[in-house]
There are 2 protein chains.
Amino acid sequence: MTSTPETQLREAGLRVTAGRVVILEALDRLPHADAESLFRAAQEQLPGTSIQSVHNVLASLTESGLLRRIEPAGSPARYERRIGDNHHHIVCTNCGAIGDVDCVHGDAPCLTPSNTNGFTVSTAEITFWGLCAECSALA
Amino acid sequence: MTSTPETQLREAGLRVTAGRVVILEALDRLPHADAESLFRAAQEQLPGTSIQSVHNVLASLTESGLLRRIEPAGSPARYERRIGDNHHHIVCTNCGAIGDVDCVHGDAPCLTPSNTNGFTVSTAEITFWGLCAECSALA
DNA sequence: GCCCTTATCGTGAATGACTCAAAACAAGGG
DNA sequence: CCCTTGTTTTGAGTCATTCACGATAAGGGC
């Protein structure tokens with residue numbers, strides 16, 4: 001039950017602005033979208049907006065924890081409305097499409113590296129690479 | 001037994017050039033270095049070199065499989081002389097230092113996502129985030 | 001409902017990390 | 001030793017993102 005964009009923003013202590021609401025709504029339709037796609041989506045409802053404003057919005061929403069930012073190698077940053085769970089991602093090496101992967105094997109094993117080299121580990125992030133259904137079909 | 005840079009280059013079918021040898025040697029001293037650091041290291045032995053040349057070298061070495069390129073979120077690409085094993089990395093969220101992590105739990109479990117959304121998975125990449133020994137001490 | 005403070009947006013310029021292009025150069029087979 | 005072809009150099013260009021700052025609007029207080 002994701003609460004409405006307005007409620008979410010208020011709960012995060014952020015002002016409710018048209019830009020933020022539009023971006024949050026666009027991310028429901030376009031999960032894992034990058035700034036550019038969100039900009040194009042936002043323009044339909046906010047013709048006067050700019051790519052910088054989209055970056056502003058994404059930065060504040062990410063900082064407040066309303067969005068999760070993912071940065072697959074070789075691709076611009078993508079954003080998703082996070083559901084609090086720590087799921088992972090699978091990226092198509094051909095077209096860049098991204099899919100969600102529910103936490104692997106009951107989520108515990110991968111959070112425990114064998115040797116940490118003195119590091120204090122706080123999170124683990126898994127990225128799977130492969131071909132999406134469409135690209136596998138074409139191959 | 002890492003073979004010498006010269007041998008490695010020849011085996012990969014690449015010409016042996018001063019720049020390539022210098023970069024490979026620098027990566028022994030600076031594992032997980034980025035292009036900029038390697039450029040500075042290379043300048044000591046090749047005063048006339050340029051950052052673009054370093055990128056050239058890194059690109060061809062990566063393509064030939066002599067180097068592995070890693071791109072942690074929020075950091076420029078790092079390079080390492082790969083040993084063929086599929087190890088993972090741990091990145092310090094404070095200073096950006098990177099450590100190697102031997103494959104987790106006998107390497108199999110993390111390569112098998114629970115649901116693949118129709119994707120054909122070929123590789124899995126795990127990035128651990130935390131604080132390096134130095135930064136944990138300072139915190 | 002209106003004002004005022006202050007967060008946010010929009011415009012513009014700037015940055016970092018890298019890629020592209022073409023001329024100068026050098027590795028190494030013949 | 002020469003010639004071919006892969007590399008390096010020099011220089012410009014790109015992309016995604018950030019910085020700076022005046023204009024604008026959200027929303028608490030009156």
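- Under the 3.5 Å distance criterion, the side-chain polar atoms of Thr62(A) are left unmatched by any main-chain donor or acceptor of Arg68(A).
- A nucleotide of DNA chain C counts as in contact with chain B when one of its atoms lies under 4.0 Å from a heavy atom; the first and last such, 5' to 3', are dA17(C) to dG28(C).
- For residues 9-20 of chain B, proximity to DNA chain D is found at Leu14(B), Arg15(B), Thr17(B), Arg20(B), defined as any non-hydrogen atom under 4.0 angstrom from a strand atom.
- Backbone-only contact: Thr49(A) has heavy atoms under 4.0 Å from sugar-phosphate atoms and none from a base.
- Distance alone, capped at 3.5 Å, is enough to place a donor-acceptor pair between the Glu71(A) side chain and the Gly74(B) backbone.
- When all heavy atoms are compared, the tightest approach of Arg15(B) to Arg20(B) is O-NH1, 3.0 Å.
- Note on Ala77(B): only backbone sugar-phosphate atoms sit closer than 4.0 angstrom, heavy atoms only; bases stay farther off.
- When only modelled atom types and interatomic distance are considered, Asn56(A) and Ser53(A) share no side-chain donor-acceptor pair under 3.5 Å.
- Separating the CD atom of Glu6(A) from the C1' atom of dA26(D) is a distance of 14 Å, rounded to the nearest angstrom.
- Although no hydrogens or angles enter the test, the distance criterion places a donor-acceptor pair under 3.5 Å between the side chain of His88(B) and the main chain of Ile126(B).
- Side chain of Glu125(B) to backbone of Trp129(A): no donor-acceptor contact under 3.5 angstrom is found.
- Rounded to an integer number of Å, the gap from NE2 of His55(B) to C1' of dT7(D) is 16 Å.
- Five base pairs at each end of the helix from dG1(C)-dC30(D) to dG30(C)-dC1(D) define two local axes, and these are offset by 30° (rounded to 10°).
- Using a 4.0 Å heavy-atom distance criterion, Glu36(A) is classed as making no nucleic acid contact.
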